[in-house]
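Worth knowing before you read on, the calculation uses all heavy atoms, side chains too, and leaves out hydrogens, waters and symmetry mates.
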Amino acid sequence: MKAVVIETYGDIDVLQLKDMPVPELGDRDLLIEVHAASVNPVDWKVREGYLKELILHKFPLILGWDVAGVVKERGISAGRFKIGDRVFSRTDIARNGTYAEYVAVDEELVAMMPDNLSFEEAAAVPLACQTAWQALVETARVKQGDRVLVHAASGGVGTFAVQIAKNRGAYIAATCGAANARLVKSLGADEVIDYATTDFSGVLHDFDTVLDTMGGEIYRKSFSVLKKGGIVVSLLERPDDSLARETGTKAEYMFLQPDRERLSEIAALLREGKIKPVLNSVLPLEEVKKAHSISQSHHAKGKIVLKVKA
């Protein structure tokens with residue numbers, strides 16, 4: 001099969017299009033014919049070697065851990081899906097990924113794809129939307145009437161986070177660039193702050209939850225906008241317990257733990273039109289280097305998708 005692999009850690013030039021064997025199936029695995037995969041920051045962080053102490057990969061390594069496609073084969077114990085089902089998944093980051101014509105995935109990470117989405121739209125969902133859901137619904141427990149601040153609200157996780165918080169009845173403040181303000185408003189933000197001209201910590205207060213996708217100074221300033229008992233959920237920073245104590249708040253670090261039931265719940269909201277993916281661009285697999293460059297710019301609006309099956 002055709003696949004994009006790396007044989008060493010490095011910059012975008014280590015990405016190679018090669019012929020690779022179709023993956024062998026474990027007992028609970030599905031063999032998914034990949035129609036589309038999406039690019040996430042974790043992809044280039046793995047490529048650069050930033051996570052090599054955390055995740056022990058073997059070379060050659062196929063990157064990419066979002067997929068939408070069709071079930072082609074099943075392992076001996078896999079019984080939740082049938083051949084021909086249209087499915088999507090955030091696959092196991094410890095295994096070979098989805099920048100390929102086929103991927104083997106434990107069926108416990110797979111859900112039926114919403115019929116109203118294209119493969120490209122569906123591939124944009126599993127990692128980013130589950131991340132936003134785990135952060136806001138499961139960790140922060142956002143509810144009706146809560147005040148939620150979403151940083152980088154026009155990005156892959158941010159666009160889903162705004163919609164999820166709005167669907168739960170929250171008031172949403174969002175930071176993004178001026179060029180993306182209209183998009184973020186259309187997704188449900190009540191208040192949009194241009195990060196280039198306004199310091200959010202000077203104008204916001206009494207928030208229940210902050211979703212931090214940026215880290216650094218933005219993370220530290222986020223504590224000042226919380227009410228007592230509020231929470232910062234960060235995707236990048238380990239909890240700063242001293243800041244939390246000083247402000248009477250809570251701090252949590254979150255790394256996505258993918259889950260079939262959560263993804264199925266998200267699929268239901270997608271079918272009902274209550275949330276939707278925002279696509280930045282759809283590129284052929286052969287343009288993976290361009291896709292990584294866009295992701296690494298930190299200015300991508302929505303999700304970058306690789307079209308694998310024509």
Side-chain angles (χ1 to χ4, degrees), residues 1-6 19-40 42-43 46 51-52 54-115 117 119-135 137-139 254-271 277 285 305-306 308-309:
M1 66 174 183
K2 180 172 64 177
V4 172
V5 306
I6 62 171
D19 282 326
M20 292 286 288
V22 173
E24 296 181 2
L25 297 187
D27 288 352
R28 298 196 313 174
D29 283 349
L30 303 174
L31 184 68
I32 299 174
E33 181 185 48
V34 180
H35 284 238
S38 81
V39 174
N40 295 287
V42 71
D43 300 3
V46 168
L51 303 180
K52 62 184 177 183
L54 184 65
I55 306 165
L56 300 177
H57 286 122
K58 294 180 180 178
F59 296 118
L61 172 65
I62 301 171
L63 298 176
W65 292 280
D66 266 335
V67 64
V70 175
V71 177
K72 286 297 182 182
E73 293 181 25
R74 301 185 301 179
I76 192 168
S77 301
R80 293 187 181 278
F81 300 90
K82 61 183 187 297
I83 305 301
D85 279 348
R86 292 158 47 101
V87 296
F88 65 159
S89 175
R90 191 288 213 168
T91 65
D92 184 350
I93 197 169
R95 300 177 66 177
N96 267 328
T98 60
Y99 294 1
E101 291 178 307
Y102 294 94
V103 65
V105 188
D106 187 318
E107 68 171 1
E108 289 302 315
L109 301 178
V110 178
M112 292 294 289
M113 194 181 112
D115 293 334
L117 297 190
F119 285 109
E120 292 76 24
E121 290 170 325
V125 172
L127 189 151
C129 196
Q130 284 196 82
T131 297
W133 186 280
Q134 186 178 325
V137 179
E138 298 170 21
T139 305
M254 199 209 85
F255 191 83
L256 174 64
Q257 302 299 321
D259 178 79
R260 175 181 57 80
E261 291 185 5
R262 183 196 301 121
L263 188 55
S264 295
E265 194 167 350
I266 288 167
L269 293 177
L270 290 159
R271 287 187 192 96
L285 185 62
V305 174
L306 296 171
V308 179
K309 185 173 175 65

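- Under the rule for a side-chain hydrogen bond (donor to acceptor under 3.5 Å, both in side chains), the partners of Asp106 that lie at least two apart in sequence or sit in another chain are Arg28.
- The number of heavy-atom neighbours closer than 6.0 Å to CD1 of Ile55, taken from other residues, nucleotides and ligands shown, is above 12.
- For the ring-ring contact (aromatic ring centres under 6.0 Å, His included) condition, the pairs that include at least one residue of residues 93-113, sequence neighbours left out, are Tyr99-His292.
- Here the straight-line distance linking atom CG of Leu51 with atom CG of Leu56 works out to 11.5 Å at 0.5 Å rounding.
- Annotation: side-chain hydrogen bond (donor to acceptor under 3.5 Å, both in side chains) contacts of Arg271 (sequence neighbours excluded): none.
- Every residue was checked against the salt bridge (Lys or Arg N to Asp or Glu O under 4.0 Å) condition with Arg74, not counting sequence neighbours, and none meets it.
- The distance from the CG atom of Leu61 to the CD1 atom of Ile6 is 5.0 Å, given to the nearest 0.5 Å.
- For Asp29, the salt bridge (Lys or Arg N to Asp or Glu O under 4.0 Å) partners are Arg95, not counting sequence neighbours.
- Residues that satisfy the side-chain contact (heavy atoms from CB on, under 4.5 Å) test with Ala132, not counting sequence neighbours, are Val157, Phe160, Ala161, Ile164.
- With sequence neighbours excluded, the residues satisfying salt bridge (Lys or Arg N to Asp or Glu O under 4.0 Å) with Glu33 are Lys72, Lys309.
- Residues passing the side-chain contact (heavy atoms from CB on, under 4.5 Å) test with Ala111 are Phe88, Leu263, Ser264, sequence neighbours excluded.
- Remark: Arg262 CZ to Gln134 CD distance equals 4.5 Å, nearest 0.5 Å.
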Donor-acceptor contacts, no H, no angles, side chain residues 77-84, under 3.5 Å, sequence neighbours left out:
unit_1	atom_1	unit_2	atom_2	d
Arg80	NE	Glu108	OE2	2.8
Arg80	NH2	Glu108	OE2	3.3
Lys82	NZ	Asp85	OD1	3.0

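- For Asn96, there are no side-chain hydrogen bond (donor to acceptor under 3.5 Å, both in side chains) partners, not counting sequence neighbours.
- Not counting sequence neighbours, the partners of Lys2 by the side-chain hydrogen bond (donor to acceptor under 3.5 Å, both in side chains) test are Glu286.
- Residues satisfying the salt bridge (Lys or Arg N to Asp or Glu O under 4.0 Å) criterion with Arg86, sequence neighbours excluded, are absent altogether.
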